[in-house]
> 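Got a structure for you, questions after.
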Amino acid sequence: MNADGDVIELLRASSRAETVAKAIEERISAQSLPSGHRLGTKDTLRQEFNVAAATLTEAVRLLSSRGTISVRPGAKGGIFVTSPPALVRLGRKMLELSGDSVPVSDALAMRHALEPLVTLEAMRHRSPADLEELHALVRQMTEVGSDMAAYLAINWSLHKRIAAITPNEILRHTYVSLLDFVESRLRRVTPAAESTSTLEGAEVHQRLVDAIGGGDQAVLDEVLAVHAALTADP
C-alpha cells in the first residue's frame, strides 16, 4: 500500500474506533450504567461490534483517556464503567444541553486561550515516544495532498495527542472536549477554496512539534502566534 493508502486506512480505522466509542458512551448514558458496571471484555465487545481487534483497542484507549471506562486485568477483569471527575462531567453536560446554541466561535476562543498552556505542558512533560508519535502525525499531514477533510482529521488527532501528554486531567479533558465540539460542528462545513493550504498547515504544525521537542518557551510562543493566525478562520 502506498503512503496515501496508508493514511486513508488510518483515518478509516480511527473513524471506526470513534464510532464504537460513541456507541458505548451512548449505552452507558441511555441505561444509566453506574460506576463499576462491567461492560464485558475486549473480545466480547469486539465480537458485538464486529470490528478488528485493533479498532476495539483504539476505542478502549479513547474511552479510557476520557475517563469513561477502566480496564482491569485478571480472570474477573474486563472493561468497567468509571465515573469521570466532577468538572469533566459538568463540562460535558453543559455542551450536551447547549447543543447548537453554542457558537463555534466561542468554543474556538476558549480553545485558543488554552492552547498556550496545553502546548507548554506538552513541552515540559513530553517523552521521546510522545515526540515520535507527534512527528508521525505531522508526516501524515504532509501526505494527504489537497484532501482538506483528511488533513483536518489528522489535525484534530495531532492536537488531541499533544493534549494527552499533560498530567493535568482537568486541562486535558476540557481542551479535548472543546476540540470534539468544534470538530463535530465543522464536519458540516465544506472548506472554502481560499482556505489555508494543507502544505502550509503541515509546515506550521511541524514547527509546533519541533518547538515542543526543543524545550525553548520563547520559540514555542513564536510558533503559537503563527498557529493562532493559521486557525483564526476555521
Side-chain angles (χ1 to χ4, degrees), residues 8-100 102 107 111 118 121 125 127 129-130 133 136-137 153-187:
I8 291 171
E9 182 57 33
L10 177 66
L11 293 173
R12 287 174 177 168
S14 177
S15 177
R16 289 193 293 267
E18 184 62 44
T19 298
V20 173
K22 288 183 177 178
I24 293 174
E25 287 178 325
E26 289 171 1
R27 175 185 302 175
I28 293 171
S29 176
Q31 299 179 14
S32 299
L33 299 178
S35 179
H37 177 87
R38 189 174 186 270
L39 294 168
T41 64
K42 285 186 178 180
D43 190 52
T44 59
L45 290 174
R46 181 188 63 77
Q47 294 180 37
E48 176 183 347
F49 289 100
N50 191 29
V51 294
T55 299
L56 195 282
T57 297
E58 175 63 12
V60 168
R61 187 193 69 78
L62 290 170
L63 292 170
S64 296
S65 69
R66 297 169 186 169
T68 303
I69 65 167
S70 63
V71 181
R72 303 178 193 172
K76 295 184 179 181
I79 298 171
F80 295 81
V81 176
T82 58
S83 180
L87 288 178
V88 175
R89 295 199 306 272
L90 176 61
R92 289 178 180 173
K93 180 57 67 175
M94 288 175 64
L95 290 177
E96 175 186 325
L97 293 176
S98 60
D100 288 333
V102 174
R111 178 249 174 123
V118 169
E121 283 280 284
H125 299 285
S127 67
D130 292 325
E133 291 186 27
L137 285 166
I154 300 171
N155 177 54
W156 300 125
S157 296
L158 174 65
H159 283 284
K160 289 175 184 178
R161 184 63 184 83
I162 291 172
I165 298 173
T166 176
N168 185 327
E169 291 190 18
I170 298 300
L171 174 61
R172 181 171 66 251
H173 283 293
T174 302
Y175 180 81
V176 170
S177 294
L178 287 167
L179 286 183
D180 286 340
F181 177 82
V182 174
E183 180 183 10
S184 69
R185 296 305 185 267
L186 294 187
R187 283 197 191 111

> Working to the nearest 0.5 Å, report the span between CG of Leu39 and CD1 of Ile28.
5.0 Å
> Measuring from atom CG of Leu63 to atom CG of Leu45, what distance do you get when rounded to the nearest 0.5 angstrom?
9.5 Å
> Decide whether a cation-pi geometry holds between Arg72 and Phe80; the criteria are a distance under 6.0 Å from NZ or CZ to the six-membered ring centre and an angle within 45° of the ring axis.
yes
> Between Val118 and Ala163, what is the shortest heavy-atom contact and its length?
CG1-CA, 3.8 Å
> Report yes if the side chains of Glu121 and Ile165 come closer than 4.5 Å at any heavy-atom pair, otherwise no.
no
> When rounded to the nearest 0.5 angstrom, what is the spacing between CD1 in Ile79 and CG in Asp43?
10.0 Å
> Decide yes or no for Phe49 and Arg16: does some side-chain heavy atom of the first lie under 4.5 Å from some side-chain heavy atom of the second?
no
> Let me know which of Leu33, Thr68, Ile24, Ile69 forms a side chain to side chain contact (heavy atoms under 4.5 Å, CB included) with Val81.
Leu33
> Taking all non-hydrogen atoms of both residues into account, name the closest pair between Ala59 and Ala17 and its distance.
CB-O, 3.4 Å
> Less than 4.0 angstrom from a charged side-chain N to a carboxylate O is my criterion; do Arg61 and Glu58 meet it?
yes
> Can you tell me how far CG of Leu158 sits from CD1 of Ile162, rounded to the nearest 0.5 angstrom?
4.5 Å
> If you look at every heavy atom in Glu18 and Leu62, which pair is closest and at what distance?
OE1-CD1, 3.6 Å
> Taking atom NE2 of His37 and atom OG of Ser32, what is their separation to the nearest 0.5 Å?
11.5 Å
> Can you tell if the side chain of Arg111 reaches within under 4.5 Å of the side chain of His159, non-hydrogen atoms only?
yes
> Is it true that a side-chain atom of Ser157 and a backbone atom of Ala153 form a donor plus acceptor pair closer than 3.5 Å?
yes
> Give a yes or no on whether the backbone of Thr166 and the side-chain of Arg172 come within a donor-acceptor separation of less than 3.5 Å.
yes
> Between Val71 and Pro73, which heavy-atom pair has the shortest distance, and what is it?
O-CD, 4.1 Å
> Who pairs with Thr57 by side chain to side chain donor-acceptor pair (under 3.5 Å), at least two apart in sequence or on another chain?
none
> Using distance alone, with no hydrogens and no angle criterion, decide if Thr41 and Thr44 have a side-chain donor and acceptor under 3.5 Å apart.
yes
